[in-house]
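Only one structure is covered here, and it is reproduced in the block below.
As the structure is a prediction and not an experimental result, all values here were calculated from the model. These values consider heavy atoms only, across backbone and side chains, with no hydrogens, waters or symmetry-generated copies.
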Amino acid sequence: MYWGAGVAQFEGNYFEKGLRLLEAGDFKGAIAMFDSAIKLGLGNIAEMHVGRGEALAALGRWEAAVESINAALEIEPYLAGAYYERGNIRGAQRDFDGAINDYTMAIHIEPEFAEAYFSRALAYEERKRYADAEADLTRALDLNQNMLGAYEARGRARAAQFKFDEAIADLSAYLRSGGGVKFDNHSETQGYLLILRAQRLVWRLVPGVGRRG
């Protein structure tokens, strides 16, 4: 979930209540709250549609979710958060090219949108565009060094390009920073590191292995 810096925050209003329900996992309650606000014309209606779309997506109601995001963009065509959420929806449906387009629009509107760089990188990874993924993850980490998942994802992108030293450094940093515990994949990442170290050894000792061109 992403809400831009310009979102008004008024204690006790429909938007606040809708967000709290959304964050608590009460997606039906959040939809009802956003629907009430939209019907009454209270607050930032475009942001209400975005929140409603996110809640609908969480319930697997993809078409309705996209319609809600599109409604937000009809009101505010340069709402970065709307493009970001629609990118998430498209990515969840495995429309990675569509997701990339939406994340790119979000970044065009907000060039320091770290989450959009990270999410676009994951979509690039799915399309096997590993160099593009690495570049986006580096940019995301430049903007937010605490984005631990970006170290793991960049490690994967670098490993796919046979950049074993850099990949191992990223994954090691991810584990040292507690990412493996936070995202419950510590043992899995440790196992992957062992594999990468073995691959690096083979890559160095056997001429031509892993090299392209």
Side-chain angles (χ1 to χ4, degrees), residues 1-10 13-39 41-127 129 132-133 136-137 139-140 143-144 146-150 153 183:
M1 177 171 57
Y2 171 82
W3 303 98
V7 175
Q9 300 288 321
F10 299 108
N13 71 5
Y14 283 94
F15 185 74
E16 281 273 331
K17 291 176 182 176
L19 280 185
R20 285 198 292 269
L21 290 168
L22 188 61
E23 291 169 354
D26 182 359
F27 304 119
K28 291 182 179 179
I31 292 167
M33 190 62 61
F34 291 130
D35 279 343
S36 295
I38 292 167
K39 183 177 180 180
L42 298 173
N44 188 322
I45 302 303
E47 294 285 0
M48 299 290 183
H49 278 294
V50 175
R52 182 175 180 274
E54 185 178 350
L56 287 164
L59 294 172
R61 296 173 60 186
W62 307 115
E63 185 175 346
V66 170
E67 288 176 359
S68 193
I69 300 297
N70 289 344
L73 289 169
E74 287 179 7
I75 299 168
E76 292 189 35
Y78 298 101
L79 187 58
Y83 286 105
Y84 175 74
E85 293 299 342
R86 193 171 68 181
N88 290 343
I89 293 166
R90 287 177 167 167
Q93 295 180 287
R94 303 195 66 77
D95 175 12
F96 299 117
D97 291 331
I100 288 166
N101 289 337
D102 276 335
Y103 294 136
T104 299
M105 277 299 300
I107 290 166
H108 177 72
I109 296 166
E110 290 190 20
E112 296 188 355
F113 195 159
E115 293 87 350
Y117 282 104
F118 176 76
S119 296
R120 188 172 68 172
L122 299 183
Y124 278 142
E125 182 182 17
E126 292 286 353
R127 300 296 290 151
R129 294 172 59 177
D132 290 328
D136 268 6
L137 292 162
R139 178 60 175 149
L143 293 167
N144 182 2
N146 294 320
M147 191 175 284
L148 300 183
F183 298 106

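Residues D132 and D136 have side chains not in contact (no heavy-atom distance under 4.5 Å, counting atoms from C-beta outward). Side-chain contact between L22 and F27 is present, with heavy atoms from C-beta onward closer than 4.5 Å. Side-chain contact between L137 and Y117 is absent, with no heavy-atom pair separated by less than 4.5 Å. For the pair E126 and R94, the minimum side-chain heavy-atom distance is below 4.5 Å. Here the side chains of N70 and R86 are in contact, with some heavy-atom distance below 4.5 Å.
Take D95 and apply the salt bridge (charged side-chain N to carboxylate O under 4.0 Å, His left out) test, not counting sequence neighbours, and it matches no residue. With sequence neighbours left out, the salt bridge (charged side-chain N to carboxylate O under 4.0 Å, His left out) criterion links E76 to no other residue. Judged as a salt bridge (charged side-chain N to carboxylate O under 4.0 Å, His left out), and not counting sequence neighbours, R139 has no contacts. R127 pairs by the side chain to side chain donor-acceptor pair (under 3.5 Å) definition with D97, not counting sequence neighbours. Not counting sequence neighbours, S36 has no partner by the side chain to side chain donor-acceptor pair (under 3.5 Å) test.
Here the CG atom belonging to L143 is positioned 11.0 Å from the CZ atom belonging to F113, to the nearest 0.5 angstrom. One distance of note links CE of M48 with CG of L19; it measures 8.5 Å at 0.5 Å rounding. From D102, atom CG reaches atom CD1 of I69 across 9.5 Å, with rounding to the nearest 0.5 Å. One distance of note links CD of E47 with CZ of F34; it measures 9.5 Å at 0.5 Å rounding. In this structure, R120 CZ and N101 CG are separated by 10.0 Å, a value rounded to the nearest 0.5 Å. A distance of 11.0 Å separates CD1 in I107 from CE in M105, rounded to the nearest 0.5 Å.
When all heavy atoms of A114 and M147 are compared, the closest pair comes out as CB-CE, 3.7 Å. E54 and E85 get closest at one heavy-atom pair: OE1-OE2, 3.5 Å. Closest approach of V50 to G81, counting heavy atoms only: CG1-O, 4.2 Å. Closest non-hydrogen pair, Y14 versus A37, comes out as CB-CB, 3.5 Å. When all heavy atoms of A92 and W62 are compared, the pair lying nearest together is CB-CH2, 3.6 Å. Looking at every heavy atom in both residues, I89 comes nearest to G53 through CD1-O, 4.3 Å.
Remark: F183 CZ is packed, more than 12 non-hydrogen atoms of other residues, nucleotides or ligands lying under 6.0 Å away.
A donor-acceptor pair under 3.5 Å links the side-chain atoms of Y83 to the main chain of P77, judged by distance alone.
Within the structure, salt bridge (charged side-chain N to carboxylate O under 4.0 Å, His left out) contacts touching residues 57-74 (residues at least two apart or in different chains) do not occur.
Side-chain contact annotation: N88 with Y103, donor-acceptor N/O pair under 3.5 Å present.
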